[in-house]
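Only this structure's heavy atoms are used, side chains among them; waters, hydrogens and symmetry mates stay out.
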Amino acid sequence: MITRVLYLHGFASSPQSGKGQFFTERFAEVGIPVVTPDLNAPDFGTLTVTRMLDEVGSVIAQGPPGPVVLMGSSMGGFVAWNAAARLAPVLPHHPIAKLVLLAPAVLFGHDRRDDFGPGVVDEWERAGTREFFHYGENRPRHLHFEFYRDAMTYHADQAVVHQPTLIFQGMQDEVVKPQGVIEFCQGRPNVSLRLLQDGHQLLGHLDQMWHETRTFLGC
C-alpha cells in the first residue's frame, strides 16, 4: 500500500505547477496524499542537484514509514531517478516502491550543446552566473554555474535503479529529446515507456497519463 507520492517539479518551476496540482487532485480522489517539496528552497540562485536530492531524502525520512512513489517532471524526473539510486539503500523504513517520470531529463549534463543550446553553458561558466526565466516566480532569476558543475557529477544512465518505472515522453518535445529517452529505456526491463504525440509539457494527455499511472500503481 502506497503511503504517499512525492511530486518533484521541473527546473525553474515550483510546487504550484499545473501538472503537480493536477496529479495532487487526482491522487486525493483515491486517498493518496501527495507531497510537493519546493526544490528551489531556500533560494533558486544557489540551487544544486545535490541540494535537491538532500531535500527529497529529508522529506521522505520525515514522513510516516511505508512505501513511497517518486513522480518527477523534466528536471524533477532526473532528480527522482538519481534519488531512487541514492536513497533506496539508506531509507529501509521508507522504501521507494515505484517511479513515474514525465519527460525526464535523464541525459542532463551529457552534452553542453543539448542542455541549453550551443555556447550557452560555456558562456555561463565564464560569467559564473546566468539569468533564467523562473516560471514559478514569473520573473527572471540568476543561477550560479555551480548548479551545472554539480549536475555533471550525476549520471542517470549509470545510476542503478531497480524499481518499476513508468515514463511518459512527448514525441514533439523540444526540451527533452525523445530519442535520448528512448535509448535510455532500452535494456532496462524495469522501465515502461509511453510515447505520446505531445510536447514537453504533455498537457494534452493529462487524463491518459493519470489513468495509466493509476493502473501502474494499482491504486
Side-chain angles (χ1 to χ4, degrees), residues 6-15 17 20 36-60 70-90 96 99-137 140-161 165 167 169 173-185 188 191 200-201:
L6 262 70
Y7 184 91
L8 309 180
H9 63 75
F11 176 75
S13 184
S14 78
S17 74
T36 55
D38 184 357
L39 298 180
N40 304 301
D43 179 62
F44 176 74
T46 57
L47 183 66
T48 64
V49 171
T50 297
R51 197 175 77 190
M52 289 192 281
L53 289 169
D54 289 344
E55 175 65 11
V56 172
S58 177
V59 170
I60 293 175
L70 295 183
M71 189 169 194
S73 174
S74 194
M75 178 60 72
F78 175 83
V79 174
W81 184 266
N82 282 288
R86 182 189 195 193
L87 299 175
V90 298
I96 296 171
L99 288 81
V100 179
L101 310 180
L102 316 176
V106 286
L107 298 183
F108 186 71
H110 275 223
D111 190 321
R112 290 181 168 213
R113 294 167 299 179
D114 286 345
D115 287 335
F116 291 99
V120 171
V121 173
D122 292 339
E123 176 56 31
W124 186 8
E125 184 172 23
R126 280 192 293 271
T129 183
R130 181 173 179 80
E131 189 175 83
F132 293 92
F133 189 82
H134 195 290
Y135 294 93
E137 299 182 15
R141 290 292 313 274
H142 278 275
L143 176 62
H144 64 170
F145 187 73
E146 184 58 26
F147 172 81
Y148 194 81
R149 196 191 319 276
D150 177 68
M152 286 191 295
T153 66
Y154 295 94
H155 304 283
D157 60 340
Q158 297 175 18
V160 179
V161 174
T165 300
I167 294 180
Q169 176 63 42
D173 192 334
E174 296 183 351
V175 177
V176 173
K177 300 294 189 297
Q179 188 58 38
V181 176
I182 292 170
E183 293 174 2
F184 177 83
C185 294
R188 289 186 165 85
V191 177
H200 185 60
Q201 294 298 323

Are [X] and [Y] close enough that some pair of their side-chain heavy atoms sits under 4.5 Å apart?
X	Y	result
Leu99	Val191	no
Asn82	Val49	no
Val121	Phe145	yes
Met52	Phe147	yes
Val176	Phe78	no
Pro104	Gln169	yes
Ile96	Leu6	no
Met71	Leu102	yes

Counting distance only, does the side-chain N/O of [X] pair as donor-acceptor with the main-chain N or O of [Y] below 3.5 Å?
X	Y	value
Asn40	Ser13	yes
Ser17	Gly20	yes
Asp115	Phe108	no

Which residues share a ring-ring contact (aromatic ring centres under 6.0 Å, His included) with Tyr7, sequence neighbours left out: none
By ring-ring contact (aromatic ring centres under 6.0 Å, His included) - contacts of His200 (at least two apart): none
Can you name the salt bridge (charged side-chain N to carboxylate O under 4.0 Å, His left out) partners of [X], sequence neighbours left out?
X	answer
Glu137	Arg139, Arg141
Asp157	none
Arg149	Glu146

I need the minimum non-hydrogen distance between [X] and [Y], along with the two atoms involved.
X	Y	result
Ala80	Leu70	O-CD1, 3.6 Å
Leu8	Pro37	CD2-CG, 3.9 Å
His9	Leu39	NE2-N, 3.0 Å
Val106	Ala156	O-CB, 3.2 Å

Nearest-0.5 Å distance, NE2 of residue His155 to NE2 of residue His110: 6.5 Å
Arg112 side, atom CZ; Met152 side, atom CE - distance, nearest 0.5 Å: 5.0 Å
Trace of the side-chain contact (heavy atoms from CB on, under 4.5 Å) decision for Trp81 with Ile167: CA-CA 11 Å; Trp81 184 266; Ile167 294 180; 5.6 Å; no
Whether Tyr148 and Trp124 hold their rings parallel, tilted or perpendicular, with breakpoints at 30° and 60°: tilted
Aromatic ring pairing Phe132/Phe44, orientation class (parallel under 30°, perpendicular over 60°, tilted between): perpendicular
Inter- and intrachain pairs under side-chain hydrogen bond (donor to acceptor under 3.5 Å, both in side chains), touching residues 44-54, at least two apart: Thr46-Arg51, Thr50-Asp150, Thr50-Tyr154, Asp54-Arg86
